[in-house]
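Both counts, for ligands and for their atoms, begin at 1 and track the order of listing. The first residue of the sequence shown is numbered 1, and numbering continues consecutively from there.
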Amino acid sequence: MGAEVIKQVVYTAMFVVLVVTAAVIVRTFTVKPRTILAPPCTEDESGFIRADKEMINRFQTSLKFETISWEPGVYNVEELLNIQEFIKSLVNVPTFLAYNLINLPPLKKENVDCLRVIQELEDMKAQIKYVSSSQLELVNFVKSGKAIKRVSETSFVSSQTDTAHHELPDFTSDLLDDNLGHNPDITPDCATDDADSNTSLVSTMSEEELPYLTSNAVGPMLNVAQERSSVLNTVKVKSRVFTRTDKHLLRDVPKHKPYSYTSYSYALQSQREHNQEYLIGSVVGKKGLQHGHKHSVNANISCQSTTDIQCRESINVVLTAQMNKAASTSKEVSKMNCTGSNVLASTINSVADKDNYRPIAIKSSKILVTTLVLLDRLQFQLDTSSNQFGFKSKHAYPTVHKSPLVSVEVIANYSLLYTVHGSNSALKPYMLTGHLDVVPVPEDDWDAPPFAAEIKNGFIYGRGTIDDKHIVFGILEALEFLLKHDFKPERTFYIGFGHDEEVAGEHGAFRIAELLTSRGIHLDFLLDEGPGVLSGVIPGVSKPVGLVGCSEKGFVTLKLEVSTSGGHSSMPEKESSIGILAQAITRLETNPHPSVFGTGPEKGTFEHLAPEMNLPYKMVMSNLWLFYPLVSRVLSWKPSTNSIVRTTTAVTQFNAGIKPNIIAPHAEAIVNHRIHPSETVQDVIDFDKKVINDDRVKITIIQSQEPLPVSSYDDDVFGWQIVKTSILQVWGHYGTVVAPGLMPANTDTRHYTEITENIYRFSPSFMLPEDLSRFHGRNERISTKNYEEAVNFFYHVIKNADKAKLEPVHKHGEEL
Ligand SMILES: CCCCCCCC/C=C\CCCCCCCC(=O)N[C@@H](Cc1c[nH]c2ccccc12)C(=O)O
């Protein structure tokens, strides 16, 4: 009886194994590859855009002007010093660090630490070029003709410039020079005979001479030319004067050091309660010979007043008097400290003295500045919303910027929204997005300097090459090419370049999306950065894979805190805050969130790729119904593939302790989870609490985002087909296959979910496994060939998307 049962069981088992094996074999050999829609794009095909020297050069130039997004937050002095260390490492590279240090109440003099940091920052500024946020405010002010209201009280402190290299024009000078001549009444004749011959006049700069202006500043600046004469009451003083430093004239502003080529702007802020208006005056000048020579300068002094009549009158009178005085004593002018810059500074100071205005000095240097506001706590708020971008889009892409089909809007001061108007309003618009900012470069051991855009062995090295400037400039190149070749789109499309993607896009992409929503715009699809063409990254596939992110993981950043009583280290308790927290962290790391492989778009990845895989993989991947646990385990081995099978856990910060002999009363850590689409923020927190299982560990949410919806990757869906076809047109000749996938990191797309259901994430970068660590890491680079491919990819996207629909597709592929 027993033997009979065993026999039955064995036979049944053998039968099951046989059936399963047969099913596996049948399945392995019947899964069909997905249809390739488009023919590969060959070099002779009309429309192929060749990356000539100029194109590469434009891209290189863009890489030299970086805007680095710092995580906003409150930093203590030590942290600030670390940041400072980093900033120091940028000295001597043509990099602009755009940041604001903001803190509000006045600095207490007795706060030695704070003063020390500020002094060091000041010293540091002598060596670094900054991009000014205040410049834009100046421009906006001039444009609007009315006051700029500031949220907080701020003082603008200038930076200095090393003139030796990377000469860049000062756009304030251009702005203000244009104003000269509006009021010929006040043109005192200052000294003219002592000017050094090396001193060249700061004359009005032509557009051609301003190639590196920030696009966001250029836009409003150029528009302003026609308007400004009518809205401003301009006082012009053109003079040749002598200069020394003007440090004693600047109130509310730390001392300046001598400078070599600088322009100045001064503003008065009304202190009247409900009347916060600005008066802005500017001096631009170029200093002549140094070292023992007279410091001659050719200065243009210009003053635009606000709508505050009293203030305006006041400054006009004082300025006129000052300049007349300078003119009448021209030979003595250097002695009396009547200088191009300080005439205006002293004028403003006198007005301030008598009329209760608060002077604000903006000393700018070419493309410049940081805004440093001194505060009374040992803390500084780093405000990343004031970035500027130094790429020459307007000049490098003249057809785009002059085309009547294209309109450009500056959003949230620094982001850009292009609308390319199509002729057929029946066609739903689409959108291409990218971002202008980059992450910092903490390491200095790159194979080529991170901000020099050097080409080595066919690769352009530089921060931003793959994240994300190849997209920004790829799009602009393609559009320039198309418009030059008389492309007139039928379908309207938008191009959005956010300025703060690296710190979550809360200002840039958010506002762009908000604007589009307010206009009632609904998009057919949107394409943003994402995985790319991956070669050797996905196990079992030898062909390159064009992986398109059809969903994006969510995230939750948690703060874990433990507080204990602390005390003397000679009499410790059994457990410390550090020990308790370390234990919690260890528990989290040793208990990863469970694999949910196959419940999100990663399933589609393998459905698409199984037919392309080598035999053992093909068998396994074609039969996920059987091999799920095995595949999930194998994918968990490598960080890149592990990221798609589960919610990941990364402990990113740990802070505790004050001194070797003090028991740390407080320890805290930051944990960053990326959430798989089949889980929620709450699921993650519940899991963590269970794993930590210690009430002494306080958990708070710093920031979170639920995973994003999964966009359709059905072959009938227009946006998916556009992206897929365009990938194949460019990379098809390598045998590339396209597959949907899950974006493991976050992008700006989360801000656009209300205006389209179809969001695709794909970066036109060809990546080998070792390239994945270049994102935010060392030696970020792109080959010149790849950059050419990126441009051609966007060319095809724009061309393909202009069709009402793509050719019918016959579908293959099935559920695995
Ligand atoms: C079998 C499949 C294998 C899958 C392999 C996956 C390969 C992935 C390849 C490339 C990944 C590219 C990652 C690029 C990331 C660029 C975006 C980025 O860096 N984002 C940052 C910053 C960020 C953006 N938005 C937010 C919102 C909230 C917090 C941070 C951010 C990031 O994600 O941290």
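- Inclusion of Thr605 in the set of residues having an N or O under 3.5 Å from an N or O of ligand 1 is not warranted.
- Counting heavy atoms of neighbouring residues, nucleotides and ligands inside a 6.0 Å radius, atom CZ of Arg511 does not exceed 12 of them.
- Residue-ligand proximity: Arg750 is placed with a non-hydrogen atom under 4.0 Å from ligand 1.
- Note on ligand 1: Arg674 sits in its first shell, one or more heavy atoms being nearer than 4.0 Å.
- Polar contact with ligand 1: absent for Glu529 (N/O pair, distance under 3.5 Å).
- The proximity of Leu635 to ligand 1, defined as any non-hydrogen pair under 4.0 Å, does not occur for either the backbone or the side chain.
- Applying the side chain to side chain donor-acceptor pair (under 3.5 Å) test to every pair with at least one member in residues 765-774, sequence neighbours left out, gives these pairs: His470-Ser765, Asp771-Arg774.
- Not counting sequence neighbours, the partners of Gln653 by the side-chain contact (heavy atoms from CB on, under 4.5 Å) test are Ile670.
- Between Thr641 and ligand 1, not a single N/O pair is under 3.5 Å apart.
- In this structure, Glu602 falls outside the shell of residues with a heavy atom less than 4.0 angstrom from ligand 1.
- With a 4.0 Å cut-off on non-hydrogen atoms, Ile644 touches ligand 1 through its side chain and not its backbone.
- With Arg646 as reference, Ser636 is the one residue of Ser636, Ser678, Ser632 to meet the side chain to side chain donor-acceptor pair (under 3.5 Å) rule.
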